[in-house]
Amino acid sequence: MQISIEEVRKIAKLARLHLTPAEEEMYAQQLSDIVGYVEKLNELDTTNVPETNQVTGLTNALRADEVRPFGHEAALIATSQNPLRDGQIQVKKSI
Amino acid sequence: MDLTTLTLLETRDLLASGQTSASDVTQAYLDRIAHLDDKIGAYLRVNPHAAAEAAAAKTGTLAGLPIAYKDCYCTAGIETTAASKILSGYVPPHDAVSVARLKAAGAVTLGKTNTDEFTMGGSTENSAFQLTKNPWDVTRVPGGSSGGSAAAVAADLCVAAMGTDTGGSIRQPASFCNIVGLKLTYGRIPRSGVIAMASSLDTVGVLTKRVADAAAMLQILAGHDVTDATSGQTEVLDYTAALADGVAGKRIGIPKEYFSEALDAKVAAVIRAGIEKLRELGAEIVDVSLPHTAYAVPAYYLIVASEVSANMARYDGLRFGPAGSGENLIETYFDARTRGFGAEVKRRIMLGTFALSAGYADAYYKKALRVRTLIKQDFEKAFAQVDLLAAPVAPSTAWKIGEKINDPLQMYLEDIFTTPVSLAGMPAISVPAGFVEGLPVGLQIVGPQWGEPQILAAAHAYEQATEWHLAKPVIQ
């Protein structure tokens, strides 16, 4: 299927990416090529074939619901290159 | 004696006998990196504390051995970027679990190696920072995405290296660089602290000078960790002892679909000679069929792109890497991501966003998940008849830098022999098997889930009966 420039703009907005007009053209072409290729999967009849989400065979890897102190909050917050205040990352307002 | 020419086990023996010191070993590698790496570009950064780490007294089975880490491994106190601008300046406060295990065994961190950005690629050309050259021909790619690690091992710039393999990213560069590349069963080694690309496919693995070196490292790395819900509870076996099991009496299947027109004829000849050698060593060679082979690449790239679109969502310019700028919060996201991500990353994010979106998810993402089941079943049926599979790693040898970079789809098609194994979650190893016009070719040996002992044993028997692994590149 052809991916239109309109479709690319919609996708880019969902993915929080700004594209230049030249990039929109380029990605529309490349994504169209790739999507066209992966449509090869339609050659296979997969009626009644279950989906494989992961191959471990594991289900519900759980641990006891106990609170454990973490102790590395400051080290984690320090990786931000944004201004910090009171152990929190300061961000721009949402709207 | 040039310490950098030694294998991991040879170095370990020399250290144990007191004939050399950990400081001398690390210094030898640091000197060689300083002298040669400007020609190869394997390292993004060398650990400034490597000499000090080596000088500190160490115990453990890997004591004093200098290891390089692909830059998707979080290394505490050492910048970790996954070769992306979006993580420039990010210094993790913690080691990945695999890094911590190697350090607990006494290993020294030599540095961080180059990769395709967020491990997306098959040539290491997608790195945001530098090119890595193939030590066998510096006009050619080392393969990818673990190209920095592969080049470092091949050029004796480390004693061994860590990499990741999601669709071939350890096996293919190992094949292109004439070294051993071990992809584990999905879940054998915990992925905690390794920057995620496609979480149902990513595996932690090793690149080494010898199969026995890989077994020694696996012994330290394998085993469950509570921080990785996908890590296996399956028993860790004695991988070094298993090497002696050899390959005699084993049934080895040759998947006929892997010998298609896509496979270069000269590479095919090397692989067939390798299979003959396995027969000479006592293996029974059997034809098998993996009928859904041709559907692995499309299924793989749909699943990968979908998981990538989710995994890359955390890069928001807030918590790691350069801050985004903008009038409001959402603009800071657009800014950080637009400036921070390279083209291949953006392409996969967008492909995944499309494949998961309402109206398309059934036809694309879920279709791929059903095809994944068919591919996994191909391997399960094959392993009901045979113990191992032998196959090529890549359709060709290393291509010229720049040759495929403008055609993403052409690059994806290089993964035809590695992605099926990844989708099934099985273990596989690439071992040096010969040369075509001076360029290395690896033989891929695939095993069933948790079949590390068998693939290591077969690869070790093959390696010890041949001399390909002894060849070293002359770096121009």
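Because only heavy atoms are used, hydrogens play no part in the values below, and waters and symmetry mates are left out as well, while side chains stay in. To find a chain, count down the sequence lines: A is the first, B the second, and so on, and within it residues start at 1.
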Against chain A, work out which of [options] has the most heavy-atom pairs shorter than 4.5 Å and name it.
| options | answer |
| --- | --- |
| Glu307(B), Lys376(B), Glu327(B), Arg339(B) | Lys376(B) |
| Leu201(B), Thr185(B), Leu329(B), Thr234(B) | Leu329(B) |
| Pro92(B), Pro322(B), Gly232(B) | Pro322(B) |
| Leu423(B), Val91(B), Ile303(B), Leu374(B) | Leu374(B) |
| Ser357(B), Ser199(B), Gly326(B), Ser325(B) | Gly326(B) |
| Tyr412(B), Phe354(B), Tyr333(B), Phe320(B) | Phe354(B) |

Spatial distance of atom [atom1] ([X]) from atom [atom2] ([Y]) [nearest 0.5 Å]:
| X | Y | atom1 | atom2 | value |
| --- | --- | --- | --- | --- |
| His292(B) | Glu43(A) | NE2 | CD | 11.0 Å |
| Ile11(A) | Tyr360(B) | CD1 | OH | 8.0 Å |
| Thr353(B) | Lys10(A) | OG1 | NZ | 11.5 Å |

*asked:* Looking at every non-hydrogen atom in both residues, tell me the closest pair between Ala12(A) and Phe334(B) and how far apart they are.
replied: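 Nearest heavy atoms, Ala12(A) then Phe334(B): O-CE2, 4.3 Å.
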| said: If you compare all heavy atoms of Tyr37(A) against all heavy atoms of Pro298(B), which two are closest, and at what distance to 0.1 Å? | reply: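 Of all heavy-atom pairs spanning Tyr37(A) and Pro298(B), the closest is OH-CD, 3.3 Å.
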Can you say whether [X] sits under 4.5 Å from chain A via the side chain, the backbone, both, or neither, judging by heavy atoms?
| X | value |
| --- | --- |
| Ser422(B) | neither |
| Tyr315(B) | neither |
| Pro408(B) | side chain |
| Ala313(B) | neither |
| Ala343(B) | both |
| Lys366(B) | both |
| Ala305(B) | neither |
| Leu318(B) | both |

Quiz item: Has the side chain of Lys40(A) got a donor or acceptor atom that lies under 3.5 Å from a matching backbone atom of Val297(B)?
Solution: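 Absent.
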Side chain / backbone / both / neither for [X] at chain B, heavy atoms under 4.5 Å:
| X | result |
| --- | --- |
| Asn42(A) | both |
| Leu41(A) | both |
| Glu39(A) | side chain |
| Lys13(A) | both |
| Leu17(A) | both |
| Leu62(A) | neither |

Are [X] and [Y] packed together at the side-chain level, in the sense that at least one heavy-atom pair is separated by less than 4.5 angstrom?
| X | Y | answer |
| --- | --- | --- |
| Glu331(B) | Lys92(A) | no |
| Thr332(B) | Val91(A) | no |
| Ile34(A) | Tyr301(B) | no |
| Leu19(A) | Met350(B) | yes |
| Val49(A) | Gln377(B) | no |

Any residues in residues 75-85 of chain A near chain B, with a heavy-atom distance under 4.5 Å, and which are they?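 So far as heavy atoms go, Ala75(A), Leu76(A), Thr79(A), Ser80(A), Gln81(A), Asn82(A) are the residues that approach chain B to under 4.5 Å.
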**Request:** Pull out the residues in residues 52-59 of chain A that come under 4.5 Å of chain B, heavy atom to heavy atom, sorted by number.
**Result:**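 So far as heavy atoms go, Thr52(A), Asn53(A), Val55(A), Thr56(A), Leu58(A) are the residues that approach chain B to under 4.5 Å.
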Taking salt bridge (Lys or Arg N to Asp or Glu O under 4.0 Å) as the cut-off, I'd like each qualifying pair that reaches into residues 14-27 of chain A, sequence neighbours left out, listed once.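 Every pair satisfying salt bridge (Lys or Arg N to Asp or Glu O under 4.0 Å) with a residue in residues 14-27 of chain A: Arg9(A)-Glu24(A).
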Fill in: Partner residues of His72(A) under the ring-ring contact (aromatic ring centres under 6.0 Å, His included) criterion, sequence neighbours left out
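If we apply the ring-ring contact (aromatic ring centres under 6.0 Å, His included) test to His72(A), skipping adjacent residues, the hits are Phe70(A), His94(B).
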